[in-house]
**Student:** 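Pasting a structure here, questions to come.
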Protein chains: 2
Amino acid sequence: MPLKPPVILASVPLFNGLGSHHLDLLTNLAIQKSYKKGEFVFSEGDPGDGFYIVVEGQVKVFKTSSEGKEQILHIFGPGEPIGEVAVFAGIPFPANAAVLAKSVLLFFPRDAFIRLIAKDPSLAMKLLAVLSTRLKQFTVQVENLSLKEVPGRIASHLLFLAEEQGNRHRVTLTISKGQLASLLGTIPETLSRIQSKMAAQGLITVSGREIALLDLEGLERLSETGKL
Amino acid sequence: MPLKPPVILASVPLFNGLGSHHLDLLTNLAIQKSYKKGEFVFSEGDPGDGFYIVVEGQVKVFKTSSEGKEQILHIFGPGEPIGEVAVFAGIPFPANAAVLAKSVLLFFPRDAFIRLIAKDPSLAMKLLAVLSTRLKQFTVQVENLSLKEVPGRIASHLLFLAEEQGNRHRVTLTISKGQLASLLGTIPETLSRIQSKMAAQGLITVSGREIALLDLEGLERLSETGKL
DNA sequence: CATTCTCCTTGACCTAAGTCAAGGAACGCG
DNA sequence: CGCGTTCCTTGACTTAGGTCAAGGAGAATG
């Protein structure tokens, strides 16, 4: 059931600084949709007739192999746009999107949104920045997958979370270990084993989704020269 | 030695369809630079004070691990823009760029170029399309690295080249085998071995940089369900 | 509170692909 | 045209990490 969105657009970074006139136009464009845990937002190959912004909840974008293994490309939280690639490249969605928890998204239909950008270069500049940042993130993901072994990827990710959460010594996972494995290009078993080994070496302690970073030096070293 | 560029901008896809006024402005912005084989265009971490367009030659963009292994992110040919990510995200270059053969590039300084876009939404739309397409390519690269084994990656790449070169049954590598290995996230030894195996099974025949695709069916299958 | 999920962990095993080392082929240079 | 350098190929070996299988812990449900 599509609903009219609440007036939260102003708090979305992408629309930040937009005039209230444009915000009104956007508000009229947007269609609000709700999803329950596990539900797909779109599938790889679906026509890219618009993009989404997360209002609340969490969405994973991922690829699946023929044997059913899954690789998460990115996890999106509130305020982040999903699927703009399909809109601007004029192609079908290149990956799947599914929600990890009950979520609310806003949908912006392609054509109307494109018309809006054409009129407002500042919106275009914002989008360029968003896409560029995502590109940079892919750069890191490829580096991690190809040049680092699993322990290094885990260490990197923990340090990244510490940075993001603004706490040098303790991080909270926002996704399950299984999903984390899929994000890091490995499987739960391997993640589990390495996590144990890291704990045994005094690098971290794990308790549920709470992880204490005991040895930042060591983690830093591990994240670069992958040897555990 | 920077030189004024020749009037080839109109033939660059990114600037295609731009008015001659804007083309003149761009021409005045651009600085032509020449590189000899192996030379770096920029290094990871360098300030992103502008971006480049390939006029002739070939440029690889790549990451390097602490142990010296290299992963190529993309190979750019004539007409393609390099390094826009740094410009629009306002960050240093997130990877290295080096030329694979004697090359000529045009450099566009950041600030002037940004001013130009702000005035011309159609240029912004073109850039959005370019970045989106690159994003989609990364999507494929991550999928290949994480969800496919090396034989599958090779098969995919050969089929991709066949598509690109418009010849179903014969492709020509434009880079050395060693560089190809680095692009596919493996090493020359492994590439070599698998190529031999594929030849033994009648999928392909290899002679230098010329590869004949004998069994498209088989390659297609291999590219999906990676079993050789 | 017991039951059933779902998720996580550990063990034994196996295999894809990386390392090290040695020849060969091809290419550019003097 | 011969020489050296760079690139490619093949072989023997090692290993990171995936697979399969079996518990165990925690959360959710009736």
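In what follows, chains are A, B, ... by sequence order, proteins preceding strands, each numbered from 1.
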**Student:** In whole Å, what is the span from the CG atom of N144(B) to the C1' atom of dA16(C)?
**Tutor:** 17 Å
**Student:** Rounded to whole angstrom units, what separation is found between the NZ atom of K197(A) and the P atom of dA16(D)?
**Tutor:** 8 Å
**Student:** For the residue pair S156(B) and K148(B), confirm or rule out a side-chain donor-acceptor distance under 3.5 Å.
**Tutor:** yes
**Student:** Nearest whole Å is fine: how far is dA16(D) P from E67(B) CD?
**Tutor:** 12 Å
**Student:** Counting only side-chain heavy atoms from C-beta out, which of dA17(C), dG17(D), dG18(D) sits nearest to I187(A)?
**Tutor:** dG18(D)
**Student:** Decide side-chain hydrogen bond (donor to acceptor under 3.5 Å, both in side chains) for T64(A) and E70(A); before the verdict, give the C-alpha distance in whole Å, the side-chain angles of both, and the deciding distance to 0.1 Å.
**Tutor:** CA-CA 4 Å; T64(A) 316; E70(A) 150 188 322; 5.5 Å; no
**Student:** Check each of Q71(A), K63(A), Q141(A) against S146(B) using the side chain to side chain donor-acceptor pair (under 3.5 Å) test, and report the only one that passes.
**Tutor:** Q71(A)
**Student:** For the residue pair Y52(B) and F93(B), does the interplanar ring angle fall in the parallel (under 30°), tilted (30 to 60°) or perpendicular (over 60°) class?
**Tutor:** tilted
**Student:** Extract from the structure each pairing of a protein N or O with an N or O of nucleotides 4-11 of chain D at less than 3.5 Å, listing the distance.
**Tutor:**
from    : atom 1 : to      : atom 2 : distance (Å)
dC8(D)  : OP1    : K177(B) : N      : 2.7
dC8(D)  : OP2    : G178(B) : N      : 3.0
dT9(D)  : OP1    : K177(B) : NZ     : 3.4
dT9(D)  : OP1    : Q195(B) : NE2    : 2.8
dT9(D)  : OP2    : S192(B) : OG     : 3.0
dT9(D)  : O5'    : S192(B) : OG     : 2.9
dT10(D) : OP2    : S196(B) : OG     : 2.4
dG11(D) : N7     : R193(B) : NH1    : 2.8
dG11(D) : O6     : R193(B) : NH2    : 3.3

**Student:** What about the rings of F76(A) and F62(A), do their centers lie closer together than 6.0 Å?
**Tutor:** no
**Student:** Measure the distance from CE on M198(A) to P on dC8(C) and round it to the nearest whole Å.
**Tutor:** 17 Å
**Student:** Could you tell me how far apart E210(B) (CD) and dA26(C) (C1') are, to the nearest whole angstrom?
**Tutor:** 15 Å
**Student:** Looking only at side-chain N and O atoms, does S66(A) offer a donor or acceptor that is under 3.5 Å from a partner on E224(B)?
**Tutor:** no
**Student:** For I75(B) and I175(B), what are the C-alpha separation, side-chain angles and deciding distance, and is it a side-chain contact (heavy atoms from CB on, under 4.5 Å)?
**Tutor:** CA-CA 9 Å; I75(B) 291 184; I175(B) 54 177; 3.5 Å; yes
**Student:** Where along nucleotides 25-30 of chain D does protein come under 4.0 Å, by heavy atom, of base (B) or sugar-phosphate alone (S), with - for untouched nucleotides?
**Tutor:** ------
**Student:** Can you tell me which residue among E84(A), E80(A), H74(A) is in a side chain to side chain donor-acceptor pair (under 3.5 Å) with R134(A)?
**Tutor:** E84(A)
**Student:** Taking atom C1' of dC8(C) as reference, at what distance in whole Å does atom CD1 of I194(A) sit?
**Tutor:** 15 Å
